[in-house]
Amino acid sequence: MKKTLLALLLSLALSAPGFSAALRAQPDSLRYSDTYLDTVRIDRTFVLNDYPMIAFEYGGSLNRMNFSLAYKQQSFFVPEYFGVSFMRYGKMFGYMPYFGYKVGLYYGHEGYMFKEDKETHTVSTINGATKVVYDVVEMPFLTHMHYDFVHFKLMANVGLYGGYRLRIHRFGARVPEEIAESFLETDRRLDYGLQGGAGFALVFSPLEIHFNAALRYSWATIYDPDYYSPYYYRFAYPFDVMFSAGVCFQLGKRTGKTNKVLRKEAHDLVYPQSSNR
């Protein structure tokens with residue numbers, strides 16, 4: 001009976017002329033026209049998650065050497081550079097989403113090619129070869145920096161790599177047949193050095209298309225420094241430029257609430273007290 005009486009009194013109060021007039025007398029700042037409400041725009045915040053990716057890349061390399069002697073040489077292009085890599089994005093100090101790391105396994109090439117000296121009209125040789133190509137496998141470990149937009153990103157990498165020279169190919173009319181495809185005891189096969197580069201990507205989650213250019217400078221000479229003379233050391237360090245394009249597959253959610261966040265929100269709704277401890 002009390003509830004019925006209270007409901008009746010409330011309905012009478014709402015229908016009173018004075019109450020309706022009070023509602024209509026709101027300040028202009030609290031009232032918006034239909035035209036304004038139809039055109040208002042609310043921007044969504046673009047927030048990156050921490051997520052991993054796997055990439056498959058293919059391209060080519062531009063190869064040459066840094067010799068301690070003044071050889072006349074020219075760069076040459078080999079259209080065979082490919083590999084697979086893993087990238088992990090994270091936030092520095094918990095709020096700067098511009099960093100990550102990249103590790104991979106790649107197959108490529110190193111080498112050198114001598115050209116004619118315009119003054120002497122001769123071409124230099126090493127072990128009778130005017131051109132040498134190495135097949136190499138490498139494992140880079142790079143710091144990965146990125147700046148993201150909704151469907152586009154800029155990237156830069158820098159770090160170290162380790163590798164191994166699998167095969168050697170010597171070219172030239174004076175190359176002995178027995179060493180044309182064979183390493184000598186004075187050749188060095190272990191490879192390591194510095195690598196860095198930059199690129200951009202087109203992003204259509206969960207896929208990304210990456211385009212990269214990188215420099216690779218070896219700290220491992222290709223032969224023993226005293227192979228020619230025990231008194232006058234000679235060095236040769238590969239210096240290569242790699243170009244590649246690749247397809248990346250996101251292994252986590254790039255933006256928006258992840259499953260982990262949704263589970264935590266659900267837990268907090270069910271157990272609100274435990275989340276505040």
Side-chain angles (χ1 to χ4, degrees), residues 52-67 73-88 100-113 126-127 129 131-144 155-172 175 178-199 201 208-225 227 235-249 251:
M53 289 189 298
I54 187 170
F56 300 91
E57 301 178 66
Y58 190 91
S61 60
L62 197 63
N63 309 111
R64 66 182 296 121
M65 291 275 173
N66 280 346
F67 287 98
Q73 64 170 318
Q74 64 186 50
S75 301
F76 64 95
F77 184 75
V78 180
E80 192 178 38
Y81 176 76
F82 58 87
V84 59
S85 62
F86 175 82
M87 286 170 278
R88 172 74 186 183
Y101 65 86
K102 178 179 181 179
V103 295
L105 181 65
Y106 291 85
Y107 174 85
H109 301 276
E110 298 173 342
Y112 58 87
M113 182 169 64
I126 296 179
N127 295 317
K131 178 181 179 180
V132 174
V133 179
Y134 296 89
D135 301 339
V136 299
V137 61
E138 64 175 35
M139 294 185 64
F141 186 89
L142 310 173
T143 299
H144 183 80
M155 305 174 295
N157 305 296
V158 64
L160 302 174
Y161 79 92
Y164 191 74
R165 295 167 185 137
L166 298 172
R167 289 177 292 274
I168 187 171
H169 312 279
R170 307 178 201 266
F171 303 92
V175 177
E178 61 272 15
I179 69 168
E181 302 287 328
S182 302
F183 285 97
L184 302 175
E185 291 183 357
T186 54
D187 290 329
R188 293 190 175 184
R189 303 181 67 172
L190 187 64
D191 191 20
Y192 56 90
L194 182 67
Q195 185 171 320
E208 301 185 10
I209 303 174
H210 287 212
F211 301 90
N212 292 291
L215 294 174
R216 181 180 63 202
Y217 181 67
S218 177
W219 292 337
T221 184
I222 60 174
Y223 43 61
D224 293 342
Y227 85 98
F235 301 90
Y237 301 101
F239 184 78
D240 310 297
V241 182
M242 292 87 69
F243 305 93
S244 65
V247 178
C248 299
F249 298 89
L251 304 180

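Note that the structure is a prediction, hence the values are computed from the model and not measured.
Relative ring orientation between Trp219 and Tyr192 is described as perpendicular, the plane-to-plane angle rising above 60° on a 0-90° scale split at 30° and 60°. Between Tyr112 and Phe67, the two ring planes are perpendicular [angle over 60°; tilted spans 30° to 60°].
At distances below 3.5 Å, not a single donor-acceptor pair connects side-chain atoms of Ser61 with backbone N or O atoms of Val241.
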With side-chain contact (heavy atoms from CB on, under 4.5 Å) as the test, would you mind laying out the steps for Met155 and Met87 before giving the verdict?
-> CA-CA 12 Å; Met155 305 174 295; Met87 286 170 278; 5.7 Å; no
Check step by step if side-chain contact (heavy atoms from CB on, under 4.5 Å) holds for Tyr227 and Ile126.
-> CA-CA 11 Å; Tyr227 85 98; Ile126 296 179; 3.9 Å; yes
Any chance you could lay out the side-chain contact (heavy atoms from CB on, under 4.5 Å) test for Leu194 and Leu160, step after step, and finish with the verdict?
-> CA-CA 5 Å; Leu194 182 67; Leu160 302 174; 4.2 Å; yes
Apply side-chain contact (heavy atoms from CB on, under 4.5 Å) to Phe56 and Phe82, showing your working.
-> CA-CA 8 Å; Phe56 300 91; Phe82 58 87; over 6 Å; no
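To the nearest 0.5 angstrom, Ile54 atom CD1 is 8.0 Å from Phe86 atom CZ. For the atom pair Phe239 CZ and Arg64 CZ, the distance stands at 8.5 Å (nearest 0.5 Å). Note that OH of Tyr223 is 10.0 Å distant from CG of Asp187, once rounded to the nearest 0.5 Å. To the nearest 0.5 Å, atoms CG (Asn63) and OG (Ser75) are separated by 8.0 Å. The OG atom of Ser218 lies 11.0 Å from the CD atom of Gln195; values are rounded to the nearest 0.5 Å. Put simply, OH on Tyr134 and CD on Glu110 are 8.5 Å apart, with the number rounded to the nearest 0.5 Å.
Of all non-hydrogen atoms in Ile222 and Met65, the two that sit nearest each other are CG2-CE, 3.6 Å. Contact between Asn212 and Glu57 at its shortest, heavy atoms only, is ND2-OE1, 3.6 Å. Residues Arg170 and Leu184 approach most closely at NH2-CG, 3.7 Å, considering heavy atoms. Contact detail for Ala220 and Pro238: the closest heavy-atom pair is O-CD, 3.8 Å. Across all non-hydrogen atoms, the minimal contact from Ala213 to Phe243 is CB-CD2, 4.0 Å. Minimum heavy-atom separation, Val78 to Phe76: CG2-CE1, 3.6 Å.
Here the side chains of Glu181 and His169 are in contact, with some heavy-atom distance below 4.5 Å.
Between Tyr161 and Asp191, the side chains place a donor N or O and an acceptor N or O closer than 3.5 Å (distance only, hydrogens not considered). Between the side chains of His109 and Asp240, no donor N or O sits under 3.5 Å from an acceptor N or O.
Within 6.0 Å of atom CD in Glu185, 12 or fewer heavy atoms from other residues, nucleotides or ligands are found, so the atom counts as exposed in its surroundings. Counting heavy-atom neighbours within 6.0 Å of Met139 CE, excluding the residue itself, gives a total of 12 or less.
Residue Glu138 forms a side-chain hydrogen bond (donor to acceptor under 3.5 Å, both in side chains) with just one option from Tyr106, Tyr81, Tyr164, Tyr107, and that option is Tyr81.
Relative to the six-membered ring of Phe183, Arg165 misses at least one condition, a distance below 6.0 Å or an angle of at most 45° to the axis.
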